[in-house]
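These numbers come from the heavy atoms of this one structure, side chains and all, not from hydrogens, waters or symmetry mates.
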Amino acid sequence: MAEVTVTRGVVLRETQTKETDKVLTLLSEDLGKMTVIARGARRKTCKFAACAQSLAYSEWTLYQRGSWWYAREGSTLELFDGLRTDLETLALGFYMAELTEAVSPEEVPVRELLRHLLNGLYALSSLHKSAALVKPAFELRLLCLAGYEPLADACASCGEPDPETPALDAVQGVIYCKKCAPSGAGRLLCRDSLAALRHIVYGDAKRLYSFRLGEAPLDRLQRAAESFVFAQLERSFKTLDFYKSLAGK
């Protein structure tokens, strides 16, 4: 008899297959990242069609045959409708999902990563936080949760805790002051953007998106966060390219 389980999760990615089916990449709170075959999900009469779309958070009843998981039932918990009224915001949500997929191991519970993704989507959809603020905060904190936490408490060379012109070395994951920074090393920050970075890395997760920055410091933080992602994961993201094309960046 096929093994049946009930779990909650977010659809990170959907792929159409055959005429009416989808293959879902699901981030489940109990089973981690998993591949689920949703038969008939593209039919208008399918009872779990709404669950089988990217960024939907749902409760699923799944059954397993061999090494494959199949969807039996699904009920939506949160569709993040606020994302779906603006293409640019929706594109950022897709990037957040792809980035989460990149750092999530297969079939290993990663509740903190799931919670972080849900909080990020909620900040965009319901709290209407600025995409320019949410993006770097989400990127940096996600990489911290995945084991790539940068050392941002002081200059990695001289130990100065409050460097006037700090720089993030994205490859080494450390902060340098101006006098200690190797030639061409890192993204230049400022005191405000460094304070925001420390808030993201070391602060309370419940207050992750509660900071404010002026335009120039926020731009420095965004560039530093994106550089850190590329340096640590050594890959690009098509969803990020799409988001930036919409945002005019």
Let me check something: do [X] and [Y] share a hydrophobic cluster, defined by ILVMFWY side-chain heavy atoms less than 4.5 Å apart, either directly or through other members?
{"X": "Phe138", "Y": "Val10", "value": "yes"}
{"X": "Met34", "Y": "Ile37", "value": "no"}
{"X": "Phe80", "Y": "Val11", "value": "no"}
{"X": "Leu188", "Y": "Phe230", "value": "no"}
{"X": "Leu113", "Y": "Leu143", "value": "yes"}

Taking side chain as C-beta onward, heavy atoms only, is [X] less than 4.5 Å from [Y]?
{"X": "Leu99", "Y": "Leu233", "value": "yes"}
{"X": "Phe94", "Y": "Arg13", "value": "no"}
{"X": "Trp60", "Y": "Glu73", "value": "no"}
{"X": "Tyr176", "Y": "Pro166", "value": "no"}
{"X": "Arg187", "Y": "Arg220", "value": "no"}
{"X": "Leu208", "Y": "Asn119", "value": "no"}
{"X": "Leu140", "Y": "Leu221", "value": "yes"}
{"X": "Pro150", "Y": "Cys144", "value": "yes"}

Work out which heavy atom in [X] is nearest to a heavy atom in [Y]; give both atom names and the distance.
{"X": "Leu213", "Y": "Asp192", "result": "CD2-O, 3.5 Å"}
{"X": "Leu121", "Y": "Gly93", "result": "CD2-CA, 4.0 Å"}
{"X": "Leu246", "Y": "Glu88", "result": "O-OE1, 3.8 Å"}
{"X": "Arg198", "Y": "Pro161", "result": "NH2-O, 2.8 Å"}
{"X": "Ala154", "Y": "Gly159", "result": "CB-O, 3.6 Å"}
{"X": "Asp21", "Y": "Arg39", "result": "OD1-CA, 3.3 Å"}

With rounding to the nearest 0.5 Å, note down the distance linking [atom1] in [X] to [atom2] in [Y].
{"X": "Leu83", "Y": "Glu78", "atom1": "CG", "atom2": "CD", "answer": "9.0 Å"}
{"X": "Lys129", "Y": "Tyr209", "atom1": "NZ", "atom2": "OH", "answer": "10.5 Å"}
{"X": "Tyr57", "Y": "Leu117", "atom1": "OH", "atom2": "CG", "answer": "10.5 Å"}
{"X": "Leu168", "Y": "Ile175", "atom1": "CG", "atom2": "CD1", "answer": "4.5 Å"}
{"X": "Ser104", "Y": "Leu142", "atom1": "OG", "atom2": "CG", "answer": "7.0 Å"}
{"X": "Gln222", "Y": "Asp219", "atom1": "CD", "atom2": "CG", "answer": "6.0 Å"}

>> Exactly one of Val4, Leu62, Thr5 should register a side chain to side chain contact (heavy atoms under 4.5 Å, CB included) with Arg72. Which one does?
In response: Val4

> Parallel, tilted or perpendicular for Phe237 and Tyr95, by the 30°/60° rule?
Replying inline: perpendicular

Check whether [X] reaches the backbone of [Y] with its side chain - one donor and one acceptor, N or O, closer than 3.5 Å.
{"X": "Thr85", "Y": "Gly82", "value": "yes"}
{"X": "Asp30", "Y": "Thr7", "value": "no"}
{"X": "Thr100", "Y": "Met96", "value": "yes"}
{"X": "Ser193", "Y": "Leu189", "value": "no"}
{"X": "Arg43", "Y": "Thr20", "value": "no"}
{"X": "Gln232", "Y": "Ala170", "value": "yes"}

NZ/NE/NH1/NH2 to OD/OE distance under 4.0 Å, [X] and [Y]:
{"X": "Glu226", "Y": "Lys244", "answer": "yes"}
{"X": "Arg235", "Y": "Glu98", "answer": "yes"}
{"X": "Glu29", "Y": "Arg111", "answer": "no"}
{"X": "Glu107", "Y": "Lys33", "answer": "no"}

>> Set out, in order, the CA-CA distance, both residues' side-chain angles and the distance that settles side-chain contact (heavy atoms from CB on, under 4.5 Å) for His199 and Ser210, then state yes or no.
In response: CA-CA 9 Å; His199 168 83; Ser210 65; 3.8 Å; yes

Should we say atom [atom1] of [X] is surrounded by more than 12 heavy atoms from elsewhere, each under 6.0 Å from it?
{"X": "Arg42", "atom1": "CZ", "answer": "yes"}
{"X": "Glu59", "atom1": "CD", "answer": "yes"}
{"X": "Arg191", "atom1": "CZ", "answer": "yes"}
{"X": "Glu215", "atom1": "CD", "answer": "no"}

>> Determine whether Cys158 and Lys179 satisfy the following criterion, side-chain contact (heavy atoms from CB on, under 4.5 Å), listing intermediate values before the conclusion.
In response: CA-CA 9 Å; Cys158 71; Lys179 67 179 181 180; 4.2 Å; yes

>> Is it true that Glu149 and Tyr202 share a donor-acceptor pair across their side chains at a distance under 3.5 Å?
In response: no

> Would you say the side-chain atoms of Ser58 and Thr76 include a donor-acceptor pair closer than 3.5 Å?
Replying inline: no

> Would Leu26 and Leu12 count as a side-chain contact (heavy atoms from CB on, under 4.5 Å) if you check the C-alpha gap in whole Å, the side-chain angles of each, and the deciding distance to 0.1 Å?
Replying inline: CA-CA 6 Å; Leu26 183 70; Leu12 300 177; over 6 Å; no

> Taking only residues two or more places apart in sequence or in another chain, which ones pass ring pair (Phe, Tyr, Trp, His ring centres under 6.0 Å) with Tyr70?
Replying inline: Tyr63

> Which of these, Gln16, Glu14, Gln53, sits in a side chain to side chain donor-acceptor pair (under 3.5 Å) with Lys22?
Replying inline: Glu14

>> Run Lys135 and Leu240 through side-chain contact (heavy atoms from CB on, under 4.5 Å) and show every step you take.
In response: CA-CA 10 Å; Lys135 179 179 173 290; Leu240 176 59; 3.5 Å; yes

